[in-house]
There are 2 protein chains.
Amino acid sequence: MSASLPYDEVMVATAREPLTRDRVIEAAVVFADEHGVDDLSMRKLGAELGVEAMSLYNHVENKDAMLDGMIDFVFSTIPIPDGDLDWRDHLRRLGRGTMTNFGSHPWVVHVCMTRGLLGPGALRFMDHVLGVLADAGFDDESAHHAWQMLASHTMGYAFQASAGVTEKDHAEFEMMIPRLAREVPNVARLAPFLIGCSWEDEYMFGLEIILDGLKARLK
Amino acid sequence: MSASLPYDEVMVATAREPLTRDRVIEAAVVFADEHGVDDLSMRKLGAELGVEAMSLYNHVENKDAMLDGMIDFVFSTIPIPDGDLDWRDHLRRLGRGTMTNFGSHPWVVHVCMTRGLLGPGALRFMDHVLGVLADAGFDDESAHHAWQMLASHTMGYAFQASAGVTEKDHAEFEMMIPRLAREVPNVARLAPFLIGCSWEDEYMFGLEIILDGLKARLK
DNA sequence: ACCTGAACACCGTTCAAGT
DNA sequence: ACCTGAACACCGTTCAAGT
């Protein structure tokens with residue numbers, strides 16, 4: 001975009017590009033994607049942006065506000081299905097999109113769990129889902145029930161999917177199995193499923209049960 | 001129990017009662033119940049026990065291990081229904097018990113979300129649920145599906161219930177409603193339900209849908 | 001075997017000072 | 001208007017030293 005500028009002009013331009021709230025939050029998202037949210041500190045993020053930590057406070061109120069901004073950033077990028085879909089199909093696609101989106105930002109569920117879901121991005125997303133439910137014929141109370149179920153299901157599975165069971169955890173768990181077999185035989189017997197399961201498949205299986213139950217209570 | 005000892009002997013006994021892993025963890029549970037888990041630090045917990053922070057490391061490996069112990073403590077106190085119950089009834093009681101138990105320790109879901117669920121207490125609880133499902137006729141794969149759904153539902157609602165929406169939050173949310181009405185009308189319309197809902201009722205409503213769905217897929 | 005004091009390497013955040 | 005440096009009040013944890 002600035003390819004026609006002389007080389008040193010480009011350098012200066014990128015280096016001095018003034019910080020903005022959006023740039024800070026995007027950089028924080030990238031940092032959390034790469035290093036995990038536990039490693040995200042104001043000092044380190046400042047270093048990443050070539051600035052002292054304290055400069056960030058000119059653009060975000062504090063770290064919590066920055067985390068809220070990161071959540072909103074992710075929510076606002078969840079793809080909204082278009083076209084005239086049956087409400088159940090709409091919610092299936094929305095659910096799958098949410099899961100894959102959260103999958104690219106493994107920290108987001110965890111941060112939501114500690115920060116809540118009241119930012120503008122999350123509210124807009126919620127509003128969209130409630131709109132789909134209202135169009136499907138749910139009254140306000142039922143739509144609320146449905147939202148809570150769908151939200152809980154989605155956050156729950158996204159959380160487990162992003163809990164990041166590493167190879168090391170697998171090995172550790174498998175080493176435990178002999179002892180587990182004596183003390184918690186049912187857990188030991190199901191170990192293959194616990195270790196090998198596809199969270200997206202699990203999620204869609206459960207979503208179907210929920211959609212069935214909601215439909216049965218609709219008419 | 002030491003009521004027959006002379007008064008000052010009792011004082012000395014309680015003051016000098018040697019620290020143990022169990023005493024440390026119980027004190028941490030009490031501290032988190034009273035002050036919230038965010039305020040729980042090794043230094044403050046030490047002070048509570050009349051000891052320097054560093055002494056605690058003689059009884060717990062580190063803070064994370066202590067948190068794991070706290071989770072296990074809570075899980076091991078969830079009441080297990082007795083008697084020969086229908087599997088759905090059994091799971092209903094288990095679910096309700098879990099919700100109220102988690103309600104007395106509002107920090108526990110949050111800590112589980114960051115520490116996972118692989119301690120002995122949690123494993124024993126999981127084993128019990130899997131046993132109920134196996135007795136009901138679920139094969140291993142279906143039992144795994146069912147467990148994931150029940151766990152996700154329970155953790156999700158317990159989390160929301162314990163997210164602790166304060167009076168201040170309510171007031172703040174109500175003040176936002178006029179602006180919300182323009183930007184997220186569906187959310188604004190459902191505000192009364194969002195503010196006033198009973199998490200236990202919501203939970204049981206959703207549990208019924210899940211149990212229905214699981215039953216339909218059982219035969 | 002258990003407890004302590006001092007220290008290390010971090011945090012988020014404030015604030016006066018610079019430009 | 002934005003950035004910096006030094007400081008404050010905390011963390012979890014290590015380690016040598018005490019008893």
Side-chain angles (χ1 to χ4, degrees), chain A residues 11-32 34-72 107 110-116 119, chain B residues 11-32 34-72 107 110-116 119:
Chain A
M11 291 300 286
V12 171
T14 35
R16 297 246 178 104
E17 188 99 49
L19 245 40
T20 61
R21 184 183 156 87
D22 284 352
R23 266 194 74 215
V24 169
I25 285 172
E26 264 192 56
V29 167
V30 171
F31 188 100
E34 284 177 3
H35 306 100
V37 78
D38 286 345
D39 268 22
L40 174 63
S41 77
M42 300 306 266
R43 284 168 168 91
K44 289 182 191 164
L45 182 60
E48 201 84 357
L49 288 164
V51 104
E52 297 300 312
M54 302 71 205
S55 306
L56 302 176
Y57 288 85
N58 287 311
H59 304 99
V60 291
E61 302 85 316
N62 50 38
K63 192 185 181 183
D64 281 346
M66 192 175 78
L67 291 170
D68 288 341
M70 294 165 68
I71 294 174
D72 270 350
W107 45 270
H110 180 246
V111 177
C112 286
M113 299 282 186
T114 70
R115 293 291 310 149
Chain B
M11 291 299 286
V12 171
T14 35
R16 296 246 176 105
E17 189 101 50
L19 245 42
T20 61
R21 184 184 156 87
D22 282 353
R23 268 194 74 214
V24 169
I25 286 173
E26 265 192 56
V29 167
V30 171
F31 188 99
E34 283 176 3
H35 306 101
V37 78
D38 287 345
D39 268 20
L40 173 63
S41 77
M42 300 306 267
R43 283 167 168 89
K44 288 182 193 165
L45 183 59
E48 201 83 359
L49 287 163
V51 104
E52 296 300 312
M54 302 71 205
S55 306
L56 302 175
Y57 288 86
N58 287 310
H59 304 101
V60 291
E61 301 84 316
N62 50 38
K63 193 185 181 182
D64 281 345
M66 191 175 79
L67 291 169
D68 287 341
M70 294 165 68
I71 294 174
D72 270 352
W107 45 271
H110 180 247
V111 177
C112 286
M113 299 281 186
T114 70
R115 293 290 313 149

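Put simply, the side chain of B:Met66 reaches to within 4.5 Å of the side chain of B:Met42, judged on heavy atoms. With contacts defined as side-chain heavy-atom distances shorter than 4.5 Å, the pair B:Leu40/B:Met70 qualifies. Looking at heavy atoms from C-beta onward, A:Asp38 lies out of side-chain contact with A:Trp107 at the 4.5 angstrom threshold.
The shortest heavy-atom contact between B:Cys112 and B:Ile71 is SG-CG2, 3.7 Å. When all heavy atoms of B:Leu49 and B:Ala27 are compared, the pair lying nearest together is CD2-CB, 3.8 Å. Contact record, A:His110 with B:Thr114: NE2-CG2, 2.9 Å, taken as the closest heavy-atom pair.
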Which atom pairs, one a donor and one an acceptor, fall under 3.5 Å between side chains of residues 51-59 of chain B and the rest of the protein, sequence neighbours left out?
{"unit_1": "B:Ser55", "atom_1": "OG", "unit_2": "B:Glu52", "atom_2": "O", "d": "3.4"}
{"unit_1": "B:Asn58", "atom_1": "ND2", "unit_2": "B:Ser55", "atom_2": "O", "d": "3.4"}
{"unit_1": "B:His59", "atom_1": "NE2", "unit_2": "B:Leu19", "atom_2": "O", "d": "3.1"}

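For DNA chain C, the residues of residues 35-48 of chain A within the heavy-atom distance limit of 4.0 Å (strictly under) are A:Leu40, A:Ser41, A:Met42, A:Arg43, A:Lys44, sorted by number.
Nucleotides of DNA chain C lying under 4.0 Å from heavy atoms of chain B occupy a range whose first and last members, 5' to 3', are C:dC2 to C:dA7.
Under the ring pair (Phe, Tyr, Trp, His ring centres under 6.0 Å) criterion, A:Phe31 pairs with A:His35, sequence neighbours left out. B:Arg43 is linked by a side chain to side chain donor-acceptor pair (under 3.5 Å) to nothing, counting only residues two or more places apart in sequence or in another chain.
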Under the salt bridge (Lys or Arg N to Asp or Glu O under 4.0 Å) criterion, do A:Glu26 and A:Arg21 qualify, and how do the steps go? CA-CA 9 Å; A:Glu26 264 192 56; A:Arg21 184 183 156 87; over 6 Å; no
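For DNA chain D, each stem of at least three Watson-Crick or G-U pairs (distances under 3.5 Å) is given as range with range: C:4-8 with D:12-16, C:12-16 with D:4-8.
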